[in-house]
Engineer: 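Take this structure, written in structure tokens, and hold onto it; I'll ask about it next.
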Amino acid sequence: MDESLKRVYFRGPGDGYEIVIGNGILAALEKKINDRKPDKTCIVINETVRGLHGDYLRPLVENGGSRYQYVMPDGETHKSYRDAEGLFAFMLENGFTRRSLVVAVGGGVTGDFAGYGAALYMRGIPVVQVPTTLLSMVDSSIGGKVAVNISAGKNIIGAFHQPLMVVSDTFFLKTLPPAEMRNGLTEALKHGLIGDRRSLDLFLKGDYGSITALPMVEELVYRSAVFKTSIVTQDETESGIRAVLNFGHTVGHAIESFFGYSGISHGEAVALGMKAELEASVRMGVLADNERATAVGLIDAYGLAPTGLDLNGKEIVKHMKFDKKNVAGSIRCVLLESIGKPLYNQPVDEGLMERVINEVL
Ligand SMILES: NC(=O)c1ccc[n+]([C@@H]2O[C@H](COP(=O)([O-])OP(=O)(O)OC[C@H]3O[C@@H](n4cnc5c(N)ncnc54)[C@H](O)[C@@H]3O)[C@@H](O)[C@H]2O)c1
């Protein structure tokens, strides 16, 4: 096995599992499959990743007659309830049983979709996550949240289904476009701002070029895995502290929804959301202005938040009130008391948030 492989152990309330991180480490997954001995393995693979990395993935995909490929078209629209029915039919037609295994190879869309399929198929079979975007390595593959979208909303139908293993192979990142790289940096920086000092230091010392190159990017993935795991272990189902991970997301989700989930990525919306929630923290007298300036300086230095968008504060606040994390129509956000000290589930006045969006974003 690769000597440079990093391991993070998730000690959940159920069986624990390993997150392995390194460059060219798919063999770690092969060993896990061989140890588990599933009767069949369904490899749910994103079509773009299959096109770019077909040769590298061939040993995984073509290993004997018990491996099946389900190719998932690109795009959030395919992370849907309807597409999940297609996956279930595929698995049933091919004789998948309760002793089968799902492997998700792709970004967060593929991981959420395949994880959802595994959580529901025959009341739940195991899933291994093989994230191929930076966002899915630092965030979505860790923590067991899986979901699909329905026309009424995003991530509405889902489950908590911890994976059997996460294999974060940074080899995939060499083909990731810069815009997607930035989406991942946003979530990693979020970890830095809500308490992961070592991730924050990587951002403070580095720049876009250095932080996205090996070995720094591997260190960033490792730091995020350690940090997110430590939070999720304390609160798997988000009844308390796990909510700190939603920093930037109350406003971010509302911005995504305002744009109808097109023309702006999740990462870009969250970067704008972090700016808004930092500003709200200052205006509510919770955060010092110099700390806000440091945090916003990092978001800008790494080019994470888009500019020149036509954002309407009043409309975006309306979308915020429908967020499933809000209580009885009031807006709740994660505010920062200082960099590294988040306060979750904080009520924020609608008028104040509207002004923040109109004046600052
Ligand atoms: N479950 C969770 O806890 C959680 C957390 C955060 C986000 N999410 C979800 O994650 C999703 C976003 O994930 P994402 O940003 O990875 O999006 P994505 O899966 O759509 O991937 C983004 C793009 O990158 C391409 N791609 C993937 N790997 C590549 C590679 N190695 N080289 C080149 N291109 C590659 C994909 O084809 C796609 O076009 C959203 O659906 C969001 O709701 C879930």
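Since we're looking at a predicted model, the values are computed, not measured. Counting starts at 1 for both ligands and their atoms, following the listed order.
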Engineer: If we count only N and O atoms by modelled type, under 3.5 Å, do the side chains of E76 and Y261 hold a donor and an acceptor together?
Structural biologist: no

Engineer: Looking at atom 25 (C) of ligand 1, is any protein heavy atom nearer than 4.0 Å to it?
Structural biologist: no

Engineer: What protein heavy atom sits nearest atom 40 (C) of ligand 1, and how far away is it?
Structural biologist: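 For this ligand atom, the closest protein heavy atom is E76 OE1, 3.3 Å.
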
Engineer: Counting non-hydrogen protein atoms only, what is the nearest one to atom 4 (C) of ligand 1? Give residue, atom name and distance.
Structural biologist: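 Checking every protein heavy atom, the shortest distance to atom 4 (C) of ligand 1 gives S140 CB, 3.2 Å.
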
Engineer: According to side chain to side chain donor-acceptor pair (under 3.5 Å), who are the partners of D196, at least two apart in sequence or on a separate chain?
Structural biologist: S199

Engineer: Which residue holds the protein heavy atom closest to atom 35 (C) of ligand 1, what is that atom called, and what is the gap in Å?
Structural biologist: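 Its nearest protein heavy-atom neighbour is L176 CD1, 3.7 Å.
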
Engineer: Checking R283 against E279 for the salt bridge (Lys or Arg N to Asp or Glu O under 4.0 Å) test, could you report, in this order, the C-alpha distance in whole Å, the side-chain angles of both residues, the deciding distance, and whether it holds?
Structural biologist: CA-CA 6 Å; R283 293 193 188 187; E279 181 65 24; 2.8 Å; yes

Engineer: Under 4.5 Å between side-chain heavy atoms, counting indirect links through other Ile/Leu/Val/Met/Phe/Trp/Tyr residues: same cluster for F160 and L245 or not?
Structural biologist: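 No, F160 does not connect to L245 through the hydrophobic network.
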
Engineer: Does ligand 1 have a heavy atom under 4.0 Å from the side chain of T175, from its backbone, from both, or from neither?
Structural biologist: both

Engineer: When you measure from atom 12 (C) of ligand 1 to every protein heavy atom, which one gives the shortest distance, and what is it?
Structural biologist: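 For this ligand atom, the closest protein heavy atom is L135 CD2, 3.9 Å.
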
Engineer: Compute the shortest N/O to N/O distance between N46 and ligand 1 and return yes if it is under 3.5 Å, no if not.
Structural biologist: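 Between N46 and ligand 1, an N or O pair is found under 3.5 Å apart.
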
Engineer: So, using side chain to side chain contact (heavy atoms under 4.5 Å, CB included) as the criterion, who are the partners of V8 when residues are at least two apart?
Structural biologist: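 Expected list: I19, I21, Y222, A225, V226, T229.
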
Engineer: In the protein, which heavy atom is nearest to atom 9 (C) of ligand 1, and how far is it?
Structural biologist: D112 OD2, 3.4 Å

Engineer: Near L52, which atoms of ligand 1 are under 4.0 Å from a heavy atom of that residue?
Structural biologist: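 Reading through ligand 1 atom by atom, the close ones are 32 (N), 33 (C).
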
Engineer: What is the ring orientation for Y68 with F90, classed by angle as parallel under 30°, tilted 30 to 60°, or perpendicular over 60°?
Structural biologist: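 Geometry flag for F90 against Y68: perpendicular rings.
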
Engineer: Please determine, by modelled atom types, if T186 and N183 share a side-chain donor-acceptor pair under 3.5 angstrom.
Structural biologist: no

Engineer: Is L164 close to V127 at the side-chain level, that is, under 4.5 Å between some pair of heavy atoms?
Structural biologist: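 When only atoms from C-beta onward are counted, L164 and V127 do not touch, as no gap falls below 4.5 Å.
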
Engineer: When you look for heavy atoms under 4.0 Å from ligand 1, do you find them on the side chain of K154, its backbone, both, or neither?
Structural biologist: side chain

Engineer: Give me the nearest non-hydrogen protein atom to atom 37 (O) of ligand 1 as residue plus atom name, then the distance to 0.1 Å.
Structural biologist: D74 OD1, 2.4 Å

Engineer: Go through the side-chain N and O atoms of N155 and K79 and say whether any donor and acceptor fall under 3.5 Å apart.
Structural biologist: yes

Engineer: Does any N or O of ligand 1 fall below 3.5 Å from an N or O anywhere on T133, backbone included?
Structural biologist: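 Right, the criterion is met.
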
Engineer: May I ask you to identify the nearest protein heavy atom to atom 20 (O) of ligand 1, giving residue, atom name and distance to one decimal place in Å?
Structural biologist: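 Heavy-atom neighbour on the protein nearest atom 20 (O) of ligand 1: V109 CG2, 3.3 Å.
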
Engineer: In the protein, what heavy atom is nearest to atom 6 (C) of ligand 1, and what distance, to one decimal place, separates them?
Structural biologist: D139 OD2, 3.5 Å

